[in-house]
Novice: 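This is the structure I want to talk about, given as structure tokens.
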Protein chains: 2
Amino acid sequence: MNIAVRPRTRIQNEKREAILEAALDVFSAEGFRGATIDRIADAAGMSKPNLLYYFRRKEDIHVELIGRMLEKWLDPLRALSAQGDPVSELRSYIRRKLEMSRDFPRESRLFANEVLQGAPRILPLLQGELRELVDEKSAVLRDWMRQGRIRRTDPWHLIFAIWATTQHYADFDVQVRAVLGPDRGGEGRFEDAARFLEELFVRGLLPS
Amino acid sequence: MNIAVRPRTRIQNEKREAILEAALDVFSAEGFRGATIDRIADAAGMSKPNLLYYFRRKEDIHVELIGRMLEKWLDPLRALSAQGDPVSELRSYIRRKLEMSRDFPRESRLFANEVLQGAPRILPLLQGELRELVDEKSAVLRDWMRQGRIRRTDPWHLIFAIWATTQHYADFDVQVRAVLGPDRGGEGRFEDAARFLEELFVRGLLPS
DNA sequence: TAACAGTTGGACCAATTGGTCAAACACCCG
DNA sequence: CGGGTGTTTGACCAATTGGTCCAACTGTTA
């Protein structure tokens, strides 16, 4: 009866996953307020009261989704290692972020929607966990700069620039495809973007 | 009586502007579906039926707002001149876009909201006007590349990168401020960003 | 200042929405 | 196979929402 305390049954696991999958579709496309429980239930192939049996409030679904997504979203930055070669570390960070835009665009848009509307539900996470992680990696970057292994520049804005350029291909996908047109807008656009961005940032980072 | 045909009265001009101003606040913060007529009317200091006397449907306000915004949004790219010096043209394009993020963040977020949700109301504009403009300016960039005045690279993705990095400071403002913290997150962040971005792109563009 | 066009908002409406409830139904284990 | 736990849904509810109507009010102009 009490879903929160007891261990999950087989059906609970399956249905919760189905709901989260459907909700990711709907939330990422319509935003939190634009998404309706009816639509999510419909997409998950169940009735609304049935959905509400697994998640008691609409917001509970959103919280669970954002939580999972944030972990995935932070992984590439966590993987940036102070021990590695600076340029290839940053190069693979860019590549990984771009791959995430290609492979998980809904997650990216879910996050973008949330931040765009003032991050009402995750502001503490941004000010805490995210900020600490960025500070930590900024320190790594600054060390590399002090050692003359990459150019001296602002590490925070460098990270912002990587986020912005890579996520652009998920969040503004419609616009990117509209501008590139049917010919250039195919799947190849991610490879073109990867080539362009790696070159842009590597040239910006190499000591002159 | 028929507002659409007759010339506007003094009151009509004033009230319509007040409504659009209030609606920009609400739409950019909550998205189209999240925004309610009540909130807009409230923010504009009038009753809901009074607001609906000036704009008969919620969508009419949105259409007017998006139309005005798109013009302003395209201006900086339009100003990119084939006659100027390539590097300083691109430098001032970046600066102008960043100033727009600083001075008109609501407009940027309104646009981001729309595109994020699949641009249902402006897709034709993106595929038409925007695409043509970008094609035209891409041709200018390619000419500069052929002449050896800037490095050979992908002009479309270069433009995307400029859009993404500059608009990031408006669209993801909450996140930027959360990560920078109270000290570094003040007004100075735009100057830091300007310095960083101009350097990044100039280094990416200079022929090696 | 009279009279008409333009303006305003309280009351109202139907549709949508998030969420509840209870009764029926299915699954699993002894 | 019986009984209890877990699952499902139709009916329902109150709040919100986009939008209408109309009667009252105001600004302007002859």
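Just so it is clear, the model here is predicted, and its values are computed rather than measured. All chains are named by letter (A, B, ...) in the order of the sequence lines, taking the proteins before the strands, and each is independently numbered beginning at 1.
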Novice: Under 4.0 Å from OP1 or OP2 of C:dT8: is there any side-chain N or O of B:Tyr53 that close?
Specialist: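 No.
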Novice: For nucleotides 16-23 of chain C, give me one character per nucleotide, 5' to 3': B if any protein heavy atom sits under 4.0 Å from the base, S if the only such contacts are to the sugar-phosphate, - if neither.
Specialist: -SBBBB--
Novice: Would B:His157 and A:Tyr169 count as a ring pair (Phe, Tyr, Trp, His ring centres under 6.0 Å) here? Give the steps.
Specialist: CA-CA 10 Å; B:His157 291 280; A:Tyr169 291 93; 5.5 Å; yes
Novice: If you compare every side-chain N and O of B:Ser47 against the phosphate oxygens of C:dG10 (OP1, OP2), does one of them come in below 4.0 Å?
Specialist: no
Novice: Which letters describe nucleotides 25-30 of chain C, given B = protein heavy atom under 4.0 Å from base, S = only from sugar-phosphate, - = neither?
Specialist: ---S--
Novice: Do you know the tightest heavy-atom contact between A:Pro86 and A:Ile150?
Specialist: CB-CG2, 3.7 Å
Novice: Going by the rule salt bridge (Lys or Arg N to Asp or Glu O under 4.0 Å), which residues pair with B:Arg203 if we only count those two or more places apart in sequence or in a different chain?
Specialist: none
Novice: Measure from CD on B:Glu14 to P on D:dT26 and round the result to the nearest Å.
Specialist: 17 Å
Novice: Are any non-hydrogen side-chain atoms of A:Phe32 and A:Arg121 less than 4.5 angstrom apart?
Specialist: yes
Novice: Taking 4.0 Å as the cut-off, does a side-chain nitrogen or oxygen of A:Lys15 come that near to OP1 or OP2 on D:dT8?
Specialist: yes
Novice: Can you check whether A:Ala41's main-chain N or O pairs, donor with acceptor, with A:Lys48's side chain at less than 3.5 Å?
Specialist: no
Novice: Using modelled atom types and a 3.5 Å cut-off, is there a donor and acceptor pairing between side-chain atoms of A:Arg109 and backbone atoms of A:Ala170?
Specialist: yes
Novice: Between D:dT7 and A:Gln12, is there an OP1 or OP2 to side-chain N/O distance shorter than 4.0 Å?
Specialist: yes
Novice: Taking all atoms of both residues into account, what is the closest heavy-atom pair of A:Trp144 and A:Ser81, and its distance?
Specialist: CZ2-O, 3.3 Å
Novice: What I want to check is whether the side chains of B:Ser88 and B:Asp85 have a donor and an acceptor closer together than 3.5 Å.
Specialist: yes
Novice: Which whole-number value in Å describes the distance from A:Arg16 CZ to D:dT7 C1'?
Specialist: 15 Å
Novice: Within less than 4.0 Å of OP1 or OP2 of D:dT7, is there a side-chain N or O belonging to A:Asn50?
Specialist: no
Novice: May I ask you to decide whether A:Arg189 forms a salt bridge with A:Asp192, counting only side-chain N to carboxylate O separations under 4.0 Å?
Specialist: no
Novice: Taking only side-chain nitrogens and oxygens of A:Tyr54, does any of them come within less than 4.0 Å of OP1 or OP2 of D:dT8?
Specialist: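 For D:dT8, OP1/OP2 do have a side-chain N/O of A:Tyr54 under 4.0 Å.
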